[in-house]
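What follows is a short report on a single structure.
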Amino acid sequence: MLDLWHDSFYKFVQVDDPEQLASDLTDLCTRSGLRGSILVAHEGINGMLAGSEAQLNAFWTVLHQNPRFTGLHPKRTPASEMPFKRLKIRVKPELVPLGIDGVDATSKTGVQVPPSEWLDLIHQEDVVVLDNRNDFEARIGTFEGAINPGVKKFRDFAKYVLDHQKEWEGKRIAMFCTGGIRCEKASAWMLDLGMDVYQLEGGIMNYFLTAPESNNGWVGECFVFDGRVSIDAALEEGDLSLKAVNEQYGDVVK
């Protein structure tokens, strides 16, 4: 097996100078010989990087010297070949655009549910299980019994929640997404609505890293936004291609 790994990570944290942080991260990733993408905003960072274990560890050694990111650790999964063509680090207004102004995910979030407790939670009668990803992602793979809101993009998720808020009164909402970032942003807003919100800690990727391969409640594969396209619960790359995904679901990946 090649010494090639994929690290995904994010953190909601106040960043006063996103342009400077983006410049520093560009220098660090270039020196470390990494490829991938990182988004930087006033609300934090969201990234995916790939390289050898030594290259990735060198990146984290330096990043952890920044007090804002000391406790940030990646979800590391194997790659059979380099999943990125280049390094892209960009400054954005938001890490993930929910489409609701004033949502502050740096100060609050829903209850983080460890993977070991997730299946027990989502089988409770008073729990609504929401797949907080795009429609095509949920159709490729999801947790058994989860609701697919059928959204084309994350900005559509808020409307779905508002349309169903009344029928969920008295229920707990358990959400999951690929790495956790969409759930964390959405849960900060849903808490303001007075909803009882829970989210899978570290997302599906963290669940795959810690849950047993069998009897884990997952059906299908998980779409990932890199050259691997999808992986299964055993962290093995699937047979999907971007061309096949776009042909089947209508040009959903650019």
Side-chain angles (χ1 to χ4, degrees), residues 8-12 46 75 95-100 103-225 230-233:
S8 61
F9 55 92
Y10 75 90
K11 186 173 184 179
F12 284 104
N46 179 27
K75 292 171 281 289
L95 296 181
V96 280
L98 180 61
I100 304 291
V103 177
D104 182 10
T106 67
S107 62
K108 58 182 178 293
T109 186
V111 177
Q112 297 276 3
V113 182
S116 60
E117 300 175 14
W118 178 249
L119 283 186
D120 180 64
L121 172 68
I122 65 176
H123 288 130
Q124 301 298 312
E125 291 186 2
D126 68 330
V127 172
V128 174
V129 186
L130 284 183
D131 190 329
N132 190 353
R133 299 176 299 157
N134 297 335
D135 174 64
F136 80 93
E137 295 174 81
R139 290 165 67 183
I140 289 171
T142 191
F143 282 102
E144 187 174 5
I147 296 171
N148 172 12
V151 301
K152 291 185 177 180
K153 54 186 180 297
F154 185 50
R155 285 182 178 273
D156 300 330
F157 184 74
K159 182 180 184 305
Y160 182 87
V161 170
L162 291 173
D163 287 346
H164 294 81
Q165 183 181 2
K166 226 173 189 13
E167 70 184 72
W168 295 339
E169 286 182 0
K171 299 281 189 178
R172 292 179 289 165
I173 311 301
M175 296 188 297
F176 62 93
C177 56
T178 309
I181 190 169
R182 283 176 277 188
C183 290
E184 198 152 336
K185 187 68 175 281
S187 68
W189 167 67
M190 292 165 71
L191 287 171
D192 290 338
L193 298 177
M195 304 180 77
D196 194 5
V197 190
Y198 297 72
Q199 62 198 63
L200 176 58
E201 185 178 49
I204 299 162
M205 290 297 98
N206 191 40
Y207 189 80
F208 284 179
L209 285 165
T210 58
E213 294 177 23
S214 59
N215 301 319
N216 59 18
W218 181 264
V219 179
E221 297 178 353
C222 180
F223 181 84
V224 290
F225 291 86
S230 68
I231 63 174
D232 62 21

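Not measured: the values here are computed from a predicted model. Numbers here simply count residues along the sequence, with the first being 1.
No side-chain donor-acceptor contact under 3.5 Å links E117 to the backbone of P114. N216 places a side-chain N or O within 3.5 Å of a backbone atom of W218 that can act as its donor or acceptor partner. With hydrogens and angles disregarded, a donor-acceptor distance shorter than 3.5 Å links the side chain of K185 to the backbone of V96.
Between D131 and F176, some side-chain heavy-atom pair lies under the 4.5 Å cut-off. In this structure, the side chains of I181 and L95 come closer than 4.5 Å at one or more pairs of heavy atoms. The shortest distance between side-chain heavy atoms of R133 and C222 falls below 4.5 Å. The side-chain heavy atoms of I173 and L130, taken from C-beta on, include a pair separated by under 4.5 Å. Taking the side chain as every heavy atom from C-beta outward, W118 and T210 never approach each other to under 4.5 Å.
Paired with E184 under the rule side chain to side chain contact (heavy atoms under 4.5 Å, CB included), one option of N132, T106, T109 passes, and it is T109.
The list of salt bridge (Lys or Arg N to Asp or Glu O under 4.0 Å) pairs with a residue in residues 189-200, not counting sequence neighbours, reads K108-D192.
For the ring-ring contact (aromatic ring centres under 6.0 Å, His included) test, no residue two or more places apart in sequence or in another chain qualifies with F154.
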Output side-chain donor-acceptor pairs under 3.5 Å for residues 159-166, partner residues at least two apart or in another chain, one line each.
unit_1: K159; atom_1: NZ; unit_2: D163; atom_2: OD2; d: 2.8
unit_1: H164; atom_1: ND1; unit_2: Y160; atom_2: O; d: 2.8

